[in-house]
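First the structure, in the form of structure tokens, and then the observations on it.
On a predicted model such as this, the values are computed, not experimentally measured, just so you know.
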Amino acid sequence: MGLLDILLGRSRAVGPDLDRLFALPSAAVGLEAAAGFRPTGQGAVCFATVEGAAFERTHREMRALLDADADRTPVELTHDSYGYTWLVSHRSPDELPLLVNDLHAVNSTLEAGGFGPRLLCSLAGFAQDDGRRLALVYLYKRGTFYPFAPLPGDGRQRDNALELRIRAVLGGELPVEGDLGRWFPVWGAPGL
């Protein structure tokens, strides 16, 4: 940060810190105790696809790394209506640490391959006994999390009150995104 930035009151944005993903399992304990949400065992990483041999090689390495575990469902690759690619990992609901390892491995592999700027977000799915769903979304470029709670049904509506309650619950466990304008909806996201 330069002197001009200090004088004008500008600050640098917090950058990605993939190790923050490892805080999810301990945050999940507080999330279950305070709001009754338990891990679903599903998670996903969203990135903008790039054409070319280097990206294809990185993609193959990523899939081979995750599919090497014979005791798991193979990862799946899907595309959304906005043109983004989602790599979805499925684990048992009690294997949240392994799911977090998967998410971290995908992010790290893309980052190491020079595709960090193409990463958008990662998410881990949670649900209540009554079927209500919630995602904890990690914004790669900001290094922060936010809750996304779609209301049940086909409409694209969010439970803003629940999201704010979850923010309060997780405030001490995870770096929560302070700018609510960055709490983007991830409608139809796989893994949610």
Side-chain angles (χ1 to χ4, degrees), residues 1-2 5-6 8-48 62 84 86-89 91 93-113 115-128 132-150 158-187 189-192:
M1 183 180 311
D5 291 328
I6 294 170
L8 295 175
R10 293 184 277 205
S11 62
R12 286 201 176 134
V14 175
D17 180 359
L18 293 176
D19 289 345
R20 290 180 176 174
L21 289 168
F22 293 120
L24 275 173
S26 63
V29 173
L31 185 60
E32 182 174 356
F37 281 95
R38 287 195 279 288
T40 62
Q42 295 186 38
V45 176
C46 181
F47 53 94
M62 202 169 36
Y84 292 106
W86 292 82
L87 192 118
V88 185
S89 179
R91 293 284 187 170
D94 61 334
E95 295 180 321
L96 183 60
L98 293 176
L99 177 69
V100 169
N101 286 343
D102 293 347
L103 300 177
H104 189 276
V106 170
N107 281 284
S108 297
T109 303
L110 287 169
E111 194 175 62
F115 301 105
R118 310 299 290 175
L119 285 163
L120 299 175
C121 68
S122 299
L123 65 84
F126 293 83
Q128 288 180 324
R132 295 284 320 268
R133 296 210 141 320
L134 172 77
L136 292 182
V137 182
Y138 175 75
L139 293 171
Y140 174 77
K141 290 177 177 68
R142 304 275 297 176
T144 56
F145 291 85
Y146 69 90
F148 173 67
R158 298 167 75 165
D159 188 340
N160 297 105
L162 176 61
E163 290 176 354
L164 293 174
R165 189 165 52 106
I166 298 302
R167 174 180 70 172
V169 167
L170 297 177
E173 299 284 335
L174 296 174
V176 177
E177 176 59 49
D179 182 356
L180 298 181
R182 295 188 183 273
W183 290 24
F184 304 109
V186 287
W187 303 117
L192 175 61

So which atom in [X] and which in [Y] form the shortest heavy-atom distance, rounded to 0.1 Å?
X	Y	result
L134	A149	CD1-CB, 3.9 Å
T109	A105	OG1-O, 2.7 Å
W187	P150	CZ3-CB, 3.9 Å
Y140	G116	CE2-O, 3.1 Å
L103	A44	CD2-N, 3.6 Å
P39	L96	CG-CD2, 3.9 Å

Could you tell me the separation between the [atom1] atom of [X] and the [atom2] atom of [Y], rounded to the nearest 0.5 Å?
X	Y	atom1	atom2	value
L192	L136	CG	CG	10.0 Å
N107	C46	CG	SG	10.5 Å
D159	R132	CG	CZ	4.5 Å
C121	R182	SG	CZ	13.5 Å
R91	Q42	CZ	CD	13.0 Å
L170	F145	CG	CZ	9.5 Å

For the residue pair Y146 and W183, categorise the inter-ring angle as parallel (less than 30°), tilted (30 to 60°) or perpendicular (more than 60°).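 Y146 vs W183 ring planes: parallel.
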
Hey, are D179 and R142 close enough for a salt bridge, meaning a charged N less than 4.0 Å from a carboxylate O?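 Salt bridge: no.
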
Any donor-acceptor N/O pair, R38 side chain to P93 backbone, under 3.5 Å: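 No: the side chain of R38 does not pair with the backbone of P93.
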
[X] side chain near [Y] side chain, heavy-atom distance below 4.5 Å:
X	Y	value
K141	L120	yes
L18	S108	yes
L162	F37	yes
E173	L31	no
L174	Y138	no

Apply side chain to side chain contact (heavy atoms under 4.5 Å, CB included) to residues R133 and T40 and explain how you reach the verdict. CA-CA 9 Å; R133 296 210 141 320; T40 62; 3.3 Å; yes

